[in-house]
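Remarks on the structure that follows.
Numbers restart at 1 for each chain; the letters A, B, ... are given by sequence-line order, proteins then strands.
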Amino acid sequence: MSLLSVKNLQVTFNTEAGLVEAVRGVSFELGRERLGIVGESGSGKTMTGRAVLRLIRPPGRIMADAMTFDGQDLMAASEAQMRALRGRRIAMVMQDPKFSLNPVMRVGAQLMEGLRQRDHVSRAVAYAKAVAALDAVQIRDVDRVMEAYPHELSGGMGQRVMIAMMLIPNPDLLIADEPTSALDVTVQAEVLSILDALVRDRGMGLIFISHDLRLVARFCDRVLVMYKGRIVEEIAAKDLLHARHPYTQGLLNCLPRIGGTRGPLPGLDRNAEWAM
Amino acid sequence: MGDVMALIEIENLSVTFNANGRRVRAVEAVSLKVGEKASFGLVGESGSGKSTILRAICGLAPVSAGRIRIGGEAVQSPRGKAFSAQVQMVFQDPYASLHPRHTVDRTLSEPLAIHGIGDRDARVMTALTDVGLPTSFRFRYPHQLSGGQRQRVAIARALMLKPQILLLDEPTSALDASVQAEVLNLLMRLREERGLTFLMVSHDLAVIDHMCDRVLVMQNGRAVEELSRTALASAQMQTDYARSLFAASADRMLEG
Ligand SMILES: Nc1ncnc2c1ncn2[C@@H]1O[C@H](COP(=O)(O)OP(=O)(O)OP(=O)(O)O)[C@@H](O)[C@H]1O
Ligand SMILES: Nc1ncnc2c1ncn2[C@@H]1O[C@H](COP(=O)(O)OP(=O)(O)OP(=O)(O)O)[C@@H](O)[C@H]1O
Ligand SMILES: [Mg+2]
Ligand SMILES: [Mg+2]
């Protein structure tokens, strides 16, 4: 049985300017694997991830024919049941790390909070676990970062702190929204190898949202390509760079390349048939 | 110095933060020069001081040593209105840099109001179109925008005052391939049309290669190696660290 099953998910916002359909009928199954979600800005990747956790603020609305996590009906779950799942069994690394960290609480205290309150471990054990989690994501100066406030971190350090925090409770499902977009390529490789090990050794399910097609092609098993709230293509990651769908191809063609010409990059033809 | 005057000159810049009594040496003795109408890239390890250099130029970081000159003149502290008309920065974090309770319209017209510039409506509409956003987004709030849409608002805001220098901190890392292409094309076009000078941070070597003539590789607060675009594209780096960045970017090479 799959870990997560989503059938005909819709997310809508009733705004003054009219109804925004952010997600329009998305269905997918996730096993203990690395599922990538790619697609252009505004295509509904983040809203799909947040909807799984039922973290859509009003006036946003979530509808689905079914949304099941490990046998539990997420659409029917009470708010209290959702709270028990969030963080502990389903974790999400948000696209906006600094926004998700508490700005007036030291990084170390934030990392230890869950361990202390949820798992009731001693301060010393929590401290050691927090330090180990920061070490794993290649933070230099771990002692300093434990004492730091979020605004004292670089963009990529904030991102790594978020990843460390989400991984401490050993979730069964991790939804990672652009988790490595602020990391240099060598640190990124280390962080990806941690995620990879969790999927391989612990059987965690991973939804990896990213607009970096080349990264997703290398790292994931399977990829959903989204456009305007819909999945337009589902493809094995190893085939992504040779995708047939004109939208996916269009996205690939837009990328600059080392040693390429410096002429204008091709754009997407939004009048093509697939765009309608 | 060379034939073209350096528009941005940084000499032995050091930045030291004091965080809870600890001294954090974020930048140590870094020097660089960016010629007029040139594009200069900063790449390197996360936490190595790239954003801090850009912030120091804007007067937003505690400089402990060194000099910063724009157009041959030492920058004034505080920077003042003339500086912001000449130099604008696009911050790494579009979530933090947009005011959550200001509409897109207010965000874009505020710099115009501060500098007493009229014709605001038309300028706001043009700015939105320039960054590829529908003009109907004008009255949205940041939380009603996706990550990439916010980043485009931040870029539009930096362009409102028609600055000569743009400091760009990961300007496209929150953008998908198609919007990245649109934004990079826009930046290239503006550079041609308005003679802009760029100092930009990116961890995507393909973006740096596409946009920049020279690039400085940083690690742990220090400059490791400066490379020309040709040296970058042909892998002629001297240091192990620069080489490791290049090696980890193999998927970004033009297929041979
Ligand atoms: N509160 C809201 N009110 C109205 N529209 C919204 C709201 N939140 C999101 N949207 C819209 O929903 C659409 C999908 O947004 P989402 O954040 O899922 O995009 P995304 O694929 O994650 O994009 P990005 O790559 O830029 O992060 C966007 O067009 C966005 O403008
Ligand atoms: N306000 C501050 N107080 C204390 N330390 C700070 C502050 N701002 C930045 N630092 C530290 O300075 C160092 C350099 O940070 P900076 O943001 O310049 O890195 P960066 O190269 O831009 O990294 P990234 O690629 O992750 O964005 C980091 O160790 C960071 O923790
Ligand atoms: Mg998003
Ligand atoms: Mg930075």
Between Phe246(B) and Arg243(B), is there a cation-pi geometry (under 6.0 Å to ring centre, at most 45° from the normal)?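 Verdict for Phe246(B): no cation-pi partner in Arg243(B).
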
Cation-pi geometry met for Arg23(B) and Phe17(B) (6.0 Å, 45°):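 The answer is no, since Arg23(B) fails at least one limit relative to Phe17(B).
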
Establish, from distance only, whether the side-chain atoms of Ser46(B) and Arg160(A) form a donor-acceptor pair under 3.5 Å.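 A donor-acceptor contact under 3.5 Å links the two side chains.
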
Indicate whether the side chain of Thr15(A) and that of Gln144(B) have a donor and an acceptor atom separated by less than 3.5 Å.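 Checked: Thr15(A)/Gln144(B) side chains show no N/O donor-acceptor pair below 3.5 Å.
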
Under 4.5 Å from any heavy atom of chain B, what part of [X] do you find: side chain, backbone, both or neither?
X         : value
Ala217(A) : neither
Gln95(A)  : both
Ser210(A) : neither
Ser181(A) : both
Val38(A)  : neither
Tyr149(A) : side chain
Arg140(A) : side chain

In terms of heavy-atom pairs under 4.5 Å, which option from [options] contacts chain A the most?
options                                  : value
Ser178(B), Ser234(B), Gly44(B)           : Ser178(B)
Leu175(B), Leu205(B), Val179(B)          : Leu175(B)
Leu145(B), Thr230(B), Thr52(B), Val24(B) : Val24(B)

Mind checking whether His245(A) and Tyr247(A) have parallel, tilted or perpendicular rings, split at 30° and 60°?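 Taking Tyr247(A) first and then His245(A), their aromatic rings stand perpendicular (interplane angle over 60°).
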
Between Val207(B) and chain A, which part of the residue has a heavy atom less than 4.5 Å away: side chain, backbone, both or neither?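 Contact with chain A: backbone and side chain both.
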
Relative to chain A, which segment of Arg189(B) carries a heavy atom at a distance below 4.5 Å: side chain, backbone, both, or neither?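 Neither part, no heavy atoms under 4.5 Å.
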
Gly156(A), Ala17(A), Ala148(A): which one forms the most heavy-atom pairs within less than 4.5 Å of chain B?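 Among the listed options, the one with the most contacts to chain B is Gly156(A).
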
Is the closest side-chain heavy-atom distance between Ile235(A) and Arg222(A) below 4.5 Å?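 No, their side chains stay 4.5 Å or more apart.
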
Step through it carefully: locate the ring centre of Phe40(B), locate the ring centre of Phe198(B), and say whether they are under 6.0 Å apart.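 Phe40(B) vs Phe198(B): aromatic centres not under 6.0 Å.
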
Below 4.0 angstrom, N of the basic side chain to O of the carboxylate: do Asp213(B) and Arg229(B) qualify?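 No salt bridge links Asp213(B) with Arg229(B).
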
Looking at Asp177(A) and Lys45(A), does any basic side-chain N land under 4.0 Å from a carboxylate oxygen?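 Salt bridge: no.
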
